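Structure record follows, encoded as structure tokens.
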Amino acid sequence: MTISELEPKLLWENFYKLTQIPRPSKKEQKAAKWIYDFGISLGLETLQDETGNVLIRKPASPGMEKAKTVTLQGHIDMVPQKNAGVAHDFEKDAIQAYVDGDWVTAKDTTLGADNGIGVAASLAVLQSDNLKHGPLEVLVTIDEETGMTGAFGLKEGWLKGDILLNLDSEDEGELYVGCAGGVDVNASFENIQVPVSEGDLAFKLAVTGLKGGHSGLDIAIGRANANKLLFRFLKEAVEGLEVRLASVEGGSLRNAIPREAFALVTIPADLKEDLIQFVAEYEGIFKNEFGAVEPNLSFTCESADLPETVMAEMVQDDLINAVE
């Protein structure tokens, strides 16, 4: 079964069309134009403000003109995250969405159901000719994921709704009152490099297979953070095995729980087997702690090309302490 064949048909057709339009945060112009043209095609009052938000109004059903105006609101941007090694350009490529049993999912990338499914539902309401409703307006905002730019940029008095329903929640049939909060921290330091010690070997450490998730919604359900796991290991490996850190990479977005993390390290040749064993021990520890939630968790150690330099000990220690 394809996504467009799912019921309710209008909703899923709209959602699938959204998956085919690139719309990472701050790059939603094509999707916003599609939504604007969607409203025009239905003969409805359709507006777009200077910020990029789109507003579509639908008159009340006959006999419902005196009902309060309801605003249905969702955001058009999506979190652009993919697995390492996946050749997907979120600014150019469509999401490879498909039906997998009882779920709609995507191949090796985020799906964009946050908040594409809310937007698709709102558009389906605009399309429907058999719903009885009062005056409606659909507000689609931009850049919710990385700055709330659309919400902050709304003009005062632009909306006419008496009731606003935000469709960016998770569970069908439930209403939420409240919001998720967050704090961004920007930190910088001088990355002082020193030559690799003679006789050292290099290894690539990799924490992979985690589920990741949204930092607002999924942060409390016990999923593992790849960065935290990797730096927890590095803390002990530096102290006990003379490991030196050359480079590290983990996560890709501020609002997504890191699902993968990688480090290039060096170690004296005579401690090679100790490192391999230590990684295996830590993989067992991680699986014991998170296996019920993260069944595909993997922590590996592979030989790598020797870098010319590693981080100075002071820099390495400060970085590990900051993240761990």
Side-chain angles (χ1 to χ4, degrees), residues 10-11 13-60 68-80 90-92 94-95 110-128 133-170 175-182 184 214 216-217 253-255:
L10 291 179
L11 181 149
E13 285 180 345
N14 292 336
F15 178 72
Y16 180 74
K17 289 175 182 177
L18 276 174
T19 66
Q20 303 306 291
I21 307 172
R23 51 190 178 90
S25 299
K26 302 187 187 301
K27 301 288 183 178
E28 312 98 324
Q29 295 88 346
K30 291 182 180 179
K33 183 180 186 305
W34 178 76
I35 291 171
Y36 182 90
D37 292 343
F38 182 97
I40 295 296
S41 70
L42 294 176
L44 301 176
E45 180 185 4
T46 305
L47 308 169
Q48 186 170 24
D49 64 12
E50 293 82 356
T51 304
N53 303 310
V54 178
L55 182 66
I56 305 173
R57 294 193 175 103
K58 182 179 183 180
K68 291 184 176 181
T69 299
V70 174
T71 303
L72 303 177
Q73 185 267 327
H75 65 86
I76 194 173
D77 60 315
M78 64 171 284
V79 175
F90 281 99
E91 296 186 22
K92 297 179 181 179
I95 299 297
T110 41
L111 175 62
D114 177 10
N115 183 226
I117 197 68
V119 173
S122 298
L123 300 184
V125 170
L126 294 178
Q127 285 176 288
S128 176
H133 57 79
L136 290 175
E137 55 185 11
V138 169
L139 171 65
V140 181
T141 56
I142 66 162
D143 192 29
E144 186 266 357
E145 299 289 357
T146 62
M148 301 291 288
T149 304
F152 285 126
L154 276 178
K155 289 183 178 178
E156 183 177 354
W158 202 41
L159 301 181
K160 296 181 178 180
D162 302 288
I163 301 169
L164 186 144
L165 296 179
N166 171 266
L167 302 185
D168 191 10
S169 59
E170 306 299 324
L175 295 177
Y176 289 84
V177 178
C179 68
D184 288 338
H214 195 290
L217 177 76
L253 296 165
R254 292 172 182 243
N255 57 350

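Computed from a prediction, not measured in an experiment: that's the story for all the values here.
Interatomic distance, OG1 of T46 versus CD1 of I35, reported as 11.0 Å (0.5 Å rounding). Rounding to the nearest 0.5 angstrom, the gap separating the CG atom in L139 from the CG atom in L72 is 10.0 Å. I95 CD1 to L111 CG: the interatomic distance, rounded to the nearest 0.5 Å, is 7.5 Å.
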Side chains of residues 148-160: which donor-acceptor pairs under 3.5 Å do they make with residues two or more places apart or in other chains?
unit_1	atom_1	unit_2	atom_2	d
T149	OG1	D143	OD2	2.3
K155	NZ	E50	OE1	3.2
K155	NZ	E50	OE2	3.2

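The two atoms that bring V140 and H75 nearest to each other are CG1-C, 4.5 Å, heavy atoms only. Shortest non-hydrogen contact noted between A32 and V54 is O-CG2, 3.7 Å. The minimum heavy-atom distance linking I76 with A31 is given by the pair CD1-CB, 3.1 Å. For the pair S122 and L167, the tightest heavy-atom approach, listed with the atom from each and the gap, is OG-CD1, 3.1 Å. Of all the heavy atoms in F15 and A120, the pair that sits closest is N-CB, 3.5 Å. In plain terms, the two heavy atoms of L44 and P59 that are nearest each other are CD2-CD, 4.1 Å.
Judged purely by distance below 3.5 Å, without hydrogens or angles, the side chains of H214 and N255 never pair a donor atom with an acceptor atom. Looking at N115 and E145, their side chains never bring a donor and an acceptor atom within 3.5 Å of each other.
A search for salt bridge (charged side-chain N to carboxylate O under 4.0 Å, His left out) contacts involving K33 returns D37, not counting sequence neighbours. With sequence neighbours excluded, the residues that form a side-chain contact (heavy atoms from CB on, under 4.5 Å) with L18 are R23, W34, V119.
The neighbour count for Y16 OH, taken as heavy atoms of other residues, nucleotides or ligands under 6.0 Å away, does not exceed 12. Surrounding NZ of K27 are at most 12 heavy atoms belonging to other residues, nucleotides or ligands under 6.0 Å away.
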Under the criterion side chain to side chain contact (heavy atoms under 4.5 Å, CB included), I'd like the reasoning laid out for Q73 against T141: C-alpha separation, chi angles, the key distance, then a yes or no. CA-CA 8 Å; Q73 185 267 327; T141 56; 3.1 Å; yes
Check against side chain to side chain contact (heavy atoms under 4.5 Å, CB included), E137 and L55: CA-CA 7 Å; E137 55 185 11; L55 182 66; 4.1 Å; yes
Show your working on side chain to side chain contact (heavy atoms under 4.5 Å, CB included) between M78 and T110 and close with a plain yes or no. CA-CA 8 Å; M78 64 171 284; T110 41; 3.5 Å; yes
Evaluate the criterion side chain to side chain contact (heavy atoms under 4.5 Å, CB included) for residue pair L47 and Y36; output intermediate values, then yes/no. CA-CA 7 Å; L47 308 169; Y36 182 90; 5.8 Å; no
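Between the side chain of N53 and the main chain of D49, no donor-acceptor pair closer than 3.5 Å is present. In this structure a side-chain-to-backbone donor-acceptor pair under 3.5 Å is present from K58 to V125.
Within the 4.5 Å cutoff, the side chain of Q127 has heavy atoms near those of the F38 side chain. Using a 4.5 Å heavy-atom cutoff, the side chains of I163 and T69 are not in contact. Using a 4.5 Å heavy-atom threshold, the side chains of L136 and R57 count as separate.
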